[in-house]
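Contents: one structure, followed by commentary.
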Amino acid sequence: MKADLVIKNIKKLYTLKGPNRARIKDEMKEVGLIEDGVIAVKDDSIIYVGQGELPKDFETHENTVVIDARDKTVIPGLVDSHTHLVHSGSRENELAMKLRGAKYLEILAAGGGIHSTVEATRNATFSELYNQAKKSLDIMLSYGVTTVEAKSGYGIDDFDTELKQMEVAVKLNEDHPVDVVSTFLGAHAVPKRYKDNPDDFVRILIDDMIPEVSRRKLAVFCDVFCEEGVFDIAQTRKILEAGLQYGLIPKIHADEIEPMGGAELAAEIGCISADHLVAASERGIEMMAEKGVIANLLPGTSFYLQSGKHARARKMIDSGVPVSISTDYNPGSCPTENMQLVMSFASLLYKMTPEEVLTASTINGAASLKLENKIGSIEVGKKADILVLDSPNFDYVIYHFGINHTLYVIKNGKLVLDRQKGF
Ligand code: NIG
Ligand code: FE
């Protein structure tokens with residue numbers, strides 16, 4: 001068989017070989033390490049993974065790309081499975097308020113926060129939104145991310161803006177090397193004009209918006225910001241159940257700041273993931289473990305919110321909850337696209353081992369997007385989404401934090417980023 005791309009002499013190849021499902025407990029430490037590894041790719045798929053030389057039955061041709069990964073580390077492309085990629089503007093004006101002690105929910109309740117990004121996003125054209133999101137996607141790719149989830153949620157009651165955000169995500173998925181998976185988050189904040197009658201907005205989400213998003217095939221997932229002063233448990237349940245009826249898989253911003261019972265609800269409904277979970281209860285964690293709901297944790301956000309509280313990842317892993325990690329890239333609570341930094345935060349703030357962090361940001365991230373059969377590990381038959389890191393091992397990436405270790409990114413079998421050549 002002729003290979004189109006070969007990566008050889010890999011010092012440390014972390015394959016993440018194992019079952020095509022979210023890994024739990026000690027499985028999260030099993031990263032399928034091969035020393036002196038070799039990978040062969042044909043078209044967009046992996047056709048060989050092994051040790052030492054490439055076997056003779058795999059040939060190269062004149063256009064085969066050969067990468068020498070001597071002294072380098074190779075891992076699956078990173079999956080950032082929770083972002084608010086498509087939005088307009090930025091909120092650095094909130095920094096001074098934060099430093100003076102203003103809390104995230106106070107800024108939101110005063111009509112700022114998400115509402116100010118809603119305003120900016122409503123006023124932005126399709127191409128302005130596209131260009132800003134594309135720039136972020138380029139940064140994400142430079143940090144080794146090959147699949148990204150993108151939420152709407154900055155139009156809220158302005159449905160055209162919600163649709164515009166999802167259309168940008170769908171278009172970027174077509175145009176950009178990074179795969180973009182779209183999520184409908186119309187329930188991201190209670191619109192100002194529904195402040196006194198939020199259930200009226202919940203009705204519109206259920207009766208009008210969800211059926212239309214589903215009909216236009218603009219999203220795979222449906223999400224709700226379930227939080228004090230935002231959507232309560234009863235409203236969240238109704239919205240997610242309506243989404244399910246229309247084929248949208250439920251996700252939830254759960255127990256981010258206040259303990260709301262979001263983890264419990266995620267287990268009851270059967271959400272694919274419950275995200276944040278800083279204030280999740282013991283019972284909620286147990287229920288998530290029973291139902292196999294993935295805890296999608298966002299350490300960059302709890303770092304940036306500066307509340308001093310972080311999700312209890314160790315407790316979750318030990319209880320058998322599958323854990324993934326993501327940036328939560330957004331203009332308010334986590335303004336960074338840097339997945340490698342967030343991986344270091346996961347280790348340092350949650351006490352997750354580098355192996356657990358690697359599992360959480362590859363195969364478990366893939367599972368929280370229901371893509372575990374296609375991506376998330378380096379195995380024959382999987383898509384060739386592969387990252388070559390300029391580091392002697394993976395622990396080094398976690399340890400030497402805040403910088404970019406990416407050397408090459410291979411997406412769908414193609415070399416899409418070469419930092420030595422500068423593309
Ligand atoms: O995941 N919590 C709600 N949504 C985002 C923040 C969005 C924003 O502040 O613009 C989050 O933290
Ligand atoms: Fe979020």
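Indexing begins at 1, ligand by ligand and atom by atom, following the structure's order. On a predicted model such as this, the values are computed, not experimentally measured, just so you know.
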Please say whether more than 12 non-hydrogen atoms of neighbouring residues, nucleotides or ligands are located less than 6.0 Å from NZ in Lys134.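 Not more than 12 within 6.0 Å, no.
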If you measure from the Lys or Arg side-chain nitrogens to the Asp or Glu carboxylate oxygens, is any gap between [X] and [Y] under 4.0 Å?
X: Arg237; Y: Glu268; value: yes
X: Glu282; Y: Arg312; value: yes
X: Asp390; Y: Lys72; value: yes
X: Glu167; Y: Lys171; value: no
X: Lys374; Y: Asp179; value: no

Using heavy atoms and a threshold below 4.0 Å, how should the contact between [X] and ligand 1 be classified: side chain, backbone, both, or neither?
X: Glu227; value: neither
X: His87; value: neither
X: Asn330; value: side chain

Which residue and heavy atom of the protein sit nearest atom 9 (O) of ligand 1, plus the separation: Tyr104 OH, 2.6 Å
Closest non-hydrogen protein atom to atom 5 (C) of ligand 1, residue and atom name please, with distance? His84 NE2, 3.5 Å
What protein N/O/S atoms lie closer than 2.8 Å to the Fe ion (ligand 2)? His82 NE2, His84 NE2, His253 NE2, Asp328 OD1
With a cut-off of under 6.0 Å to the ring centre and 45° to the axis, is Lys98 in cation-pi contact with Tyr304? yes
Show the atoms of ligand 1 that are less than 4.0 angstrom away from any heavy atom in Tyr154.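 So the answer, numbered in order with elements, is 7 (C), 8 (C), 10 (O).
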At less than 4.0 angstrom from any non-hydrogen atom of His82, what atoms of ligand 1 do you find? 1 (O)
Hey, is the main chain of His400 close enough, under 3.5 Å, to the side chain of His405 for a donor-acceptor pair? yes
Would you please say whether a donor-acceptor pair under 3.5 Å links the side chains of Thr301 and Asp328? yes
Looking at Arg23, Glu27, Met28, which one forms a side chain to side chain contact (heavy atoms under 4.5 Å, CB included) with Glu356? Met28
Using distance alone, decide if ligand 1 has a nitrogen or oxygen within less than 3.5 Å of any nitrogen or oxygen in Ser333.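 Between Ser333 and ligand 1 (N or O atoms, distance only) the closest approach is under 3.5 Å.
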With nothing but distance in play, are any N or O atoms of Thr301 less than 3.5 Å from an N or O of ligand 1? no
Contact with ligand 1 for Ile114, non-hydrogen, under 4.0 angstrom: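 Yes, that is the case, since the closest heavy atom of the residue is under 4.0 Å from the ligand.
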Over 60° means perpendicular and under 30° means parallel, so tell me whether Phe184 and Phe159 are parallel, tilted or perpendicular.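 Judged by the thresholds at 30° and 60°, the geometry between Phe184 and Phe159 is perpendicular.
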